[in-house]
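Read the structure below first, then the notes.
In what follows, chains are A, B, ... by sequence order, proteins preceding strands, each numbered from 1. Note that the structure is a prediction, hence the values are computed from the model and not measured.
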Amino acid sequence: MMFNRRISRRVSLLAAAAAVAVSGFVPALAQAPRKTLIVASNQDIPNFDPHVATGYSASMLLRNVYDSLVRVEGNPPQVIPHLAQSWTVSPDGMVYTFKLDPAAKFHSGAPVTAEAVKYSIDRLMRLAKGNAWMLAGIVGPNSVEAVDAQTVKITLLKPFAAFLQVLPWAWIVDHKQVEANKGADDGQTWMRNHLVGSGAFTVRRAEPGTLYEFERVADGWRKGGGNLTGAIWRIVRETASQRLMVQRGEAHIAVDLTSEDMDALKDKAGVVSVIEPEFRTFSIKMNTENGPLADPALRRAVSYAFDYNAMLASAGYAQLMVGPLPHGILGHDPNLPVYRTDLDKAKAELAKSKTPNGGVKLTMVYVNGLEQQRRWALVLLDALKKLNIELDIKPMAWPDMVASTKTPQSAPDFFPVYQTANYGDPDNIAFAAYHSSRNGNWQNMVYKSAKVDGLIEAGRAETNVDKRKAIYLDFQKQVVEDAPDIFGVLEKRKLAMREDVTGFKFTPVASNAIEYFGLSLK
Amino acid sequence: MLTYALRRIVLLLPVLVGLSIIVFAIARLLPGDPVQLAAGPQATKEEIEALARELGLDRPLIAQYWSYATGLLQGDWGQSILTRRPVWEDLRIYLPATLELVFAAMAIAVAIGLPAGLLSAAYANRWPDYLSRTLSLGAISMPRFFLGLLMQLFFVMQMGWLPLGGRFPLVEIPPPAVTGLITLDALIARDGGAFLTALKHLAMPAAAMSLSPLATITRMMRATTLEAMSQDYVTTARALGLSRGKILFKYVARNAASATLTVIGLYFGWLLAGTVLVETVFDWPGVGLYATKAIATQDFMPLMGVTLVIGALFVIVNLIVDLAYGLINPKARYA
Amino acid sequence: MSAAAPTMASARGEALKRGFYRFRQSWLSLVGLAIVVALAGLALLAPWIAPHPEHAAGGFAMNARFAPPSRVAWFGTNELGQDVLTLVLMGARVSLFAGVAVVAMAAALGAAVGAVAGFFGRWVDEALMRLTDLWLTLPGLILAMAIAAAMGPGVGNMIFAITLTWWPGYARLVRGEVMARKEEVYVQAARALGASPARLILRHILPNVVSPIIVKMSLDVGFAILTVASLGFVGIGVKPPTPEWGSLLSNARGYLPDYWWTAIFPGLAIFLSVFGFNLLGDGLRDVLDPRARR
């Protein structure tokens, strides 16, 4: 599919365009009024491959263009049927059997079969990129089995409590089309800008770095939903511009607003604010393997010196994290003893370290243009000054930052990370951010601890809720003692939308990756 | 004249080749690994090596330049990592937007600058002159991005009269592209509504862009007018009893304006290169914004493309100005 | 000045005197001078007169965020409770220094290229001037942005990047002047006495082309400051917490229109300093380079 249809579209809609007034929406063709939702976001979509792409913009695209076996909806999120009409779980939690919806079909017209499901999950695990880590060690090469065209049986390698919560991130592709364009890299080059899903929408026009226009698939298999005929994902880098666009009605939803933006929008007519807690952590990772911060005493000193109140004050709608896990998630202990600002303790820890008088220079990187991260970098600079430690703050482009996390030597001393939970289970944050198999990735560049690895694996495999809670409590204590991060804040999710957007249901799982299916415009 | 023009055009070729060599050399000398960037942050070592082979970046520099240069001639300006499209196609979309901005800015500058300069000269060293000179110095000193923000603050955030940025509303269909300049295309399509919409989008960026040429044109016009007024024919006309105003507007202004207008050609290239900041502030989808985004993502091929296109346009416009000047004023031809 | 030409020196003194008379006559130039002197003075004294010098080094006051301008904080405070007046004053040090440094380095580099080309002539001249002309056609700001971005943030890198795009103007100017001077009698005489080319250029030719260079430098400082701010504005420039005007404005952009003071004052500072240097440069041109006066 190529996206150069603009010219013909221009010609065919010329008559309509001629009738357009100065502002207002274009009625495309006389019979069906076009309802196009405009979302302002600051993140581009660098890759369309559902088994490789990450980032919330890509999640948005995949949620609308692809389908998964099950979905989650509501707050707290509930697992509901999607491609799978129903499923059964064996008593030991090892075997899941899904019955596919016979109506489900890909955009090519081919039905969504058990074979496609097997192919998709196998490809995800084979490539071992993108969201594959969620199922790593859980799903093996022979786990997925197509029993018949409509029945999929997945046999886990070991029990996984959050399995159904993770499945929404395993997107199902039209395997025949991928095979036809496989190339030498399992279709990765081709899939980067081709879509072979079964979702309610598809991409009509892609202008990377500027906008992505979605249109509803004619005769899609999923019935119901809202009245949107299309949507535009507009890349707007400045959050203030996003806010003004919603305020002026130039966009319907803005997804990257700051607390200041939310305050400015508070009593603006026609704008609805959504400020909801979400499992979205912000921490400053430390280089536990290379440089002065490899010394745990220095890390603890930094953790004590940091001004948590200043961080919270500049964060706006947020709360301080207590330990590595977000509040409200299974097993989180809100009374866990953690580091709070205490200069005496900081100096005591510093005295125990290899650099008892400070005198070193550390480096912190941050995403160029992310205002909130710049502020926190200054908060850290101020704290380190009190320990006689210098901080060199380097704004960088995100891809360069990610590239720097590959080895402990290339990684900076401090690396700030927002992490949004993809599923509402402690395993998500624990595994992605602290398991050593994730070293070299931005969520966990270097931290490794055999003890913590063991706890994460045990927590993952345990099905008894109380036992899991106990395991995650141990996990939290151990991580706090190691102090690999400055545990920061949980920012509330801040969205603003025009009041003529209806059908929006807040689900605290990557809620900025807007799903268009259920939305309507008045 | 024809042989002269031909000679100049032939001489253009080595200049363009030289330009491509410089651009290529700078791009290669800059730190940063284009292959790593093209492969993406999560690429493995093997994938990076394979890509380097595929892109030919493991060959000697001379060979790389040769394939780059021959590619340029065949319309292959490389691929943008960001837009995932050929650079040439991107430029075809973005260049008209920048040209529209530059033409509009130039039109504003000429429309205001010529009379202002004339006025300044007519009242040389009196208050209208001081006012116009101070204003034009102020205009040159005003950061375009700051003026842009001030205009947004007033016209958009305070009064709500104009759109914040962009070229045309997203959900509306622009008039069919003939010239690529939306205002012009709207006129061609006889679509008054679209014209007005496009004009509203164009107003602030063009105004911000016009400051610097406006100041220059005002100063040039003042200087040429003053010079013309000291010429013999003015003295003669005066002696013949023509009124000062008539001399000024009928004879002097015309001569001074034609001299001043030649600077416009020279200014054109400068303006093309100077749209970056205005395009950033107003989210104007031209080559400047394209270059800014490319710089932020260290996307080298578009950057080389933009540099080359602007450089080449600069050279070509200067040549046209020279030739046009030669045509008007034969004495200057071989200077 | 060259001791070999005392009469010339006194003639030049005479011209200078007349020049300064003209300069004093032009009140616009005086205004420019006043602005520049005031800015330079404020920049020099900033650490002592700024109300909260610690804010320019990254300090903050979260309990005083976004306070509007008042008698306590004349320019208000920003998103971190930092005093905007302090940031603007300390920013003057960065911006003025960077502007002057760019111009000085560009003049040095350009003068070197131009002098060599003009003095040696022939193929050296041909090659260097072709390069210079080609360089002049490149879009300077885009090039500077690209180089600065590739080198990473930092004042030094930024100055270096802008310098690389700024020298050709000086090369052309100096080459022309050197070509004109090298045939003059005192140069010929020195050459006859066996002076080396380096000595000829440095001792006998360059000192005599200083005034057009100074004129161009004074006219350029304003634009150099503007270019520095431009880089800061697009987010390629200094590292935090360096309070550079362009990046202050860029940060503040997100707080318009509610917290307008965070943007207006850095913007005005850029405007005022560029304006001051332009007025001064205009005046200096009248003094030092009467030929260009019109």
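Side-chain contact annotation: B/Trp77 with B/Asp90, donor-acceptor N/O pair under 3.5 Å absent. Of the N and O atoms on the side chains of B/Tyr65 and B/Ser20, at least one donor lies less than 3.5 Å from an acceptor on the other residue. Side-chain contact check for B/Thr218 and B/Ser136: no donor-acceptor pair (N or O, by modelled atom type) lies under 3.5 Å. Side-chain contact, C/Asn78 with C/Thr262: no donor N or O sits under 3.5 Å from an acceptor N or O.
Taking a cutoff of 4.0 Å between a charged side-chain nitrogen and a carboxylate oxygen, B/Lys293 and B/Asp299 do not qualify as a salt bridge.
For chain B, the nearby part of C/Ala263 is the backbone; its heavy atoms alone come within less than 4.5 Å. With a threshold of 4.5 angstrom between heavy atoms, B/Val156 does not approach chain C through any atom at all. Contact of B/Leu137 with chain C is made through backbone and side chain together, with heavy-atom distances under 4.5 Å. Contact of C/Leu141 with chain B is made through the side chain alone, with heavy-atom distances under 4.5 Å. If you measure heavy-atom distances from B/Ile22 to chain C, the contacts under 4.5 Å come from the side chain alone. For B/Ile26, the part lying near chain C is the side chain, with the backbone staying farther off; criterion is any non-hydrogen pair under 4.5 Å. Both the backbone and the side chain of B/Met142 come within contact range of chain C, with heavy atoms under 4.5 Å apart. If you measure heavy-atom distances from C/Ile264 to chain B, the contacts under 4.5 Å come from both the backbone and the side chain. If you measure heavy-atom distances from B/Ile21 to chain C, you find no contacts under 4.5 Å at all. Looking at C/Leu136, the atoms closer than 4.5 Å to chain B (heavy atoms on both sides) all sit in the backbone: N, CA, C or O. With a 4.5 angstrom heavy-atom cutoff, C/Phe223 touches chain B only via side-chain atoms.
No donor-acceptor pair closer than 3.5 Å links the side chain of B/Asp283 to the backbone N or O of B/Gly166. Between the side chain of B/Ser210 and the backbone N or O of B/Ala207 there is at least one donor-acceptor pair closer than 3.5 Å. Looking only at distances, a side-chain donor or acceptor of B/Glu279 sits under 3.5 Å from a matching main-chain atom of B/Gly288.
No close placement of the B/Phe146 and C/Phe233 rings is indicated, their centers lying 6.0 Å or farther apart.
Highest contact tally toward chain C, considering only B/Arg219, B/Gln158, B/Gln152, is held by B/Arg219 [criterion: heavy-atom pairs under 4.5 Å]. With chain C as the partner, the residue from B/Leu147, B/Val276, B/Thr307 showing the most heavy-atom pairs under 4.5 Å is B/Thr307. Note: B/Ile140 leads B/Ile140, B/Thr280, B/Val315, B/Leu303 in heavy-atom pairs under 4.5 Å with chain C. Across C/Val234, C/Leu268, C/Ile236, C/Leu134, the residue that shares the most heavy-atom pairs under 4.5 angstrom with chain B is C/Leu134.
Annotation: the span from B/Leu277 atom CG to C/Ser230 atom OG amounts to 4.5 Å, rounded to 0.5 Å.
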